[in-house]
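Structure first, commentary second.
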Amino acid sequence: MHDHNGAAPDVVVIGGGVIGLAIAWRAAQAGLRVTVLERGRPGGETSHVAAGMLAPISEAGASELGLLALGLRSAATYPDFAAELAEASGRDPGYLSCGTLAVARDGDEAEALEREFELRRGLGLEVRRLRSSAARRLEPALAPTLRLALEVPGDHAVDPRRLTAALARAVWHAGGVIRAGAEVTEIVVDAGRVVGAAHAGDAHARGRVVGAILSGGERVAAPAVVVAAGPWSGELAGLPSGARLPLRPVKGQILRLHDPAGPGLVEHVLRIGDAYVVPRGDGRYVLGATVEERGFEQTVTAGAVFELLRDAIELVPGFSELELDECSAGLRPATPDGVPAIGPGALPGLFWATGHHRSGVLLAPLTAELVVSALLGDREPACPEAASVAPTRFAPAEAPAR
């Protein structure tokens with residue numbers, strides 16, 4: 001792609017998934033010279049496996065109100081974000097305004113769903129309680145044994161594979177560089193400067209970030225480095241301990257199927273607890289997903305495939321006639337508090353955009369806005385929730401003066 005006419009980049013983005021590409025696109029639009037370093041192919045890791053639910057209301061939790069506010073803000077931008085991206089890239093980013101139905105198959109699930117309804121109603125979120133008959137009028141393919149449903153008309157979906165393809169093209173059109181097969185092994189820190197507490201949140205951190213080193217030894221210099229490498233963000237060498245983030249991978253197994261008869265079997269996103277069915281609008285469906293703490297292991301297991309298919313077929317018997325296209329597993333990046341880390345890190349020149357767990361696709365537009373605002377040195381945060389995702393919240397506390 002573009003080479004910035006021989007000039008060094010203003011920004012290096014480590015990671016070419018939906019988060020990294022969204023940041024690169026917005027940064028290039030803002031006039032910055034951007035290079036994305038992706039170890040594989042753009043969108044080929046976590047984003048390739050993701051289902052693409054845009055579901056801040058469906059996934060709202062009583063203990064995650066800050067994350068809910070972020071999700072609602074980002075979801076509200078998605079229609080315009082997708083339309084602008086389609087125009088900039090010339091590609092359909094796969095946004096589907098479909099709404100969501102959360103359903104219960106038995107009495108226990110119905111009681112749990114009633115509690116979810118009361119929580120959302122208490123928060124002032126748009127949700128409707130539906131009897132089984134009303135739910136089946138919306139989705140006739142649902143099993144007749146359905147007990148209860150909640151309609152969430154504001155929760156939609158996007159196809160992450162189409163989204164990343166469109167973002168990659170938009171980065172190119174905006175003058176950015178994407179280097180596939182460029183694996184970063186180390187972040188370069190110039191230790192010649194002492195960083196004060198007011199600048200970094202860690203008075204004992206030294207130096208500033210000045211680039212990255214690739215696996216082949218090549219050094220890519222830049223005054224700003226954005227780490228958007230998903231669950232691998234915490235594995236990069238070079239940073240002092242006080243500047244690193246506590247991240248862990250969370251495995252998810254997922255299935256892709258298609259209906260030989262074409263679209264129309266299911267039109268809404270369907271949710272049963274943590275499981276879901278996401279339509280693509282063209283006869284393809286995604287079934288997911290497990291949540292497993294297994295480190296960086298990404299094998300697909302027979303038990304997970306069985307459980308995902310069983311739940312889907314119990315909910316929509318017609319899924320038994322679909323053709324199975326793909327079984328895959330991916331890794332979500334998670335932080336200890338379940339909230340992403342977005343913005344300046346503990347060293348000048350270091351910026352983070354990771355830890356999104358199940359909300360990476362949803363939060364991509366807002367993450368890009370927050371990071372580019374920080375890259376441009378804006379004094380005012382891009383949104384009131386910016387402080388809640390500050391990466392420096394994980395910086396070690398200073399030792400008391402003696």
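Remember, it's a predicted structure, so these values are computed and weren't measured experimentally.
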Subject >> Derivation and outcome, salt bridge (charged side-chain N to carboxylate O under 4.0 Å, His left out), residues Glu151 and Arg129 >> reply: CA-CA 6 Å; Glu151 182 187 10; Arg129 183 184 183 280; over 6 Å; no
**OP:** Apply side chain to side chain contact (heavy atoms under 4.5 Å, CB included) to Leu376 and Leu32, showing your working.
**Re:** CA-CA 9 Å; Leu376 296 174; Leu32 298 174; 4.1 Å; yes
**OP:** Mind running side chain to side chain contact (heavy atoms under 4.5 Å, CB included) on Glu109 and Ile272 for me, showing each step along the way?
**Re:** CA-CA 8 Å; Glu109 289 182 356; Ile272 324 159; 3.9 Å; yes
**OP:** Just do the salt bridge (charged side-chain N to carboxylate O under 4.0 Å, His left out) check on Glu59 and Arg358 with the steps written out, would you?
**Re:** CA-CA 9 Å; Glu59 298 207 341; Arg358 292 165 61 104; 3.1 Å; yes
**OP:** Go through the steps to decide whether Thr35 and Val11 satisfy the test side chain to side chain contact (heavy atoms under 4.5 Å, CB included), and finish with yes or no.
**Re:** CA-CA 6 Å; Thr35 294; Val11 182; over 6 Å; no
Subject >> Test log, rule side chain to side chain contact (heavy atoms under 4.5 Å, CB included), inputs Arg256 and Tyr285 >> reply: CA-CA 6 Å; Arg256 285 174 165 80; Tyr285 300 90; over 6 Å; no
**OP:** Output, in order, the C-alpha distance, side-chain angles, deciding distance and verdict of salt bridge (charged side-chain N to carboxylate O under 4.0 Å, His left out) for Glu45 and Arg161.
**Re:** CA-CA 10 Å; Glu45 291 284 359; Arg161 297 181 179 182; over 6 Å; no
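Pairs engaging residues 69-81 under the side-chain hydrogen bond (donor to acceptor under 3.5 Å, both in side chains) rule: Arg73-Glu385 [sequence neighbours left out]. Within the structure, the side-chain hydrogen bond (donor to acceptor under 3.5 Å, both in side chains) test picks out the following pairs touching residues 310-322 (sequence neighbours left out): Arg105-Asp311, Arg105-Glu314.
Within the model, atoms CG of Asp274 and OG1 of Thr290 stand 10.5 Å from one another, a figure rounded to the nearest 0.5 Å. Rounded to the nearest 0.5 Å, atoms CG (Leu123) and CD1 (Ile57) are 10.0 Å apart. For the atom pair CZ of Arg39 and OG of Ser215, the computed distance is 10.5 Å after rounding to the nearest 0.5 Å. From Asp10, atom CG reaches atom CG of Leu375 across 9.5 Å, with rounding to the nearest 0.5 Å. Separation of atoms CD1 (Ile23) and CG (Leu21) is listed at 9.5 Å; rounding is to 0.5 Å. Ser58 OG to Arg120 CZ: the interatomic distance, rounded to the nearest 0.5 Å, is 6.5 Å.
Checked by atom type and distance alone, the side chain of Thr100 pairs as donor or acceptor with a backbone atom of Asp155 at under 3.5 Å. Between the side chain of Glu38 and the backbone N or O of Gly16, at least one donor-acceptor pair lies under 3.5 Å. Looking only at distances, a side-chain donor or acceptor of Thr354 sits under 3.5 Å from a matching main-chain atom of Gly230. Side chain of Thr335 to backbone of Gly338: a donor-acceptor contact under 3.5 angstrom is found. At distances below 3.5 Å, not a single donor-acceptor pair connects side-chain atoms of Gln29 with backbone N or O atoms of Gly31. The backbone N or O of Val18 sits less than 3.5 Å from a side-chain atom of Ser47, completing a donor-acceptor pair. Remark: side-chain polar atoms of His156 are paired, donor with acceptor, to backbone N or O of Cys98 under 3.5 angstrom. Put simply, the side chain of Arg244 gets close to the backbone of Leu236: a donor and an acceptor are under 3.5 Å apart.
At a threshold of 4.5 Å between non-hydrogen side-chain atoms, the residues Pro223 and Val210 do not count as touching. In this structure, Asp259 and Arg284 have side chains that are not in contact, with every pair of non-hydrogen atoms separated by 4.5 Å or more. Under the 4.5 Å side-chain criterion, counting only non-hydrogen atoms from C-beta, Leu148 is not in contact with Ser132. Contact check for Arg332 versus Val291: side-chain heavy atoms found under the 4.5 Å cut-off. Using a 4.5 Å heavy-atom cutoff, the side chains of Ile187 and Ile14 are in contact. In this structure the side chain of Val277 never reaches within 4.5 angstrom of the side chain of Val286, judged on heavy atoms. For the pair Phe296 and Leu331, the minimum side-chain heavy-atom distance is below 4.5 Å. Between Arg128 and Leu150 there is no side-chain heavy-atom pair separated by less than 4.5 Å.
No hydrogens or angles considered: nothing links the side chains of Ser89 and His173 as a donor-acceptor pair under 3.5 Å. For the residue pair Gln253 / Gln298, no side-chain donor-acceptor distance below 3.5 Å is found, with atom types taken as modelled.
Looking at residues two or more places apart in sequence or on another chain, you find no salt bridge (charged side-chain N to carboxylate O under 4.0 Å, His left out) involving Asp325. Residues forming a salt bridge (charged side-chain N to carboxylate O under 4.0 Å, His left out) with Glu126 (at least two apart in sequence, or on another chain): none. In this structure Glu369 satisfies the salt bridge (charged side-chain N to carboxylate O under 4.0 Å, His left out) test with no other residue, sequence neighbours excluded. Under the salt bridge (charged side-chain N to carboxylate O under 4.0 Å, His left out) criterion, Glu380 pairs with no residue, sequence neighbours left out.
Between Tyr95 and Phe81, the ring center distance fails the sub-6.0 Å criterion. Checked against the 6.0 Å centroid threshold, Phe394 and Trp352 do not count as a close aromatic pair.
Between Ser233 and Ala228, the shortest heavy-atom contact is OG-C, 4.1 Å. The two atoms that bring Ala157 and Val278 nearest to each other are CB-CG1, 3.8 Å, heavy atoms only. What you find for Cys383 and Leu370 is that their closest heavy atoms are SG-CD2, 3.9 Å. In this structure, Arg280 and Val158 approach most closely via the heavy-atom pair NH1-O, 3.5 Å. Between Ala135 and Leu142, the closest heavy-atom pair is O-CD1, 3.8 Å. The two atoms that bring Gly15 and Val36 nearest to each other are O-CG1, 3.7 Å, heavy atoms only.
Salt bridge absent: Glu114 and Arg121 never bring a charged side-chain N and a carboxylate O closer than 4.0 Å. Remark: Asp190 does not engage Arg208 in a salt bridge, criterion side-chain N to carboxylate O under 4.0 Å. Between Arg162 and Asp92 there is a salt bridge, since at least one side-chain N of the basic residue sits less than 4.0 Å from a carboxylate O of the acidic one.
The neighbour count for Arg393 CZ, taken as heavy atoms of other residues, nucleotides or ligands under 6.0 Å away, is above 12. Within a 6.0 Å radius of CD in Glu87, no more than 12 heavy atoms belonging to other residues, nucleotides or ligands are found.
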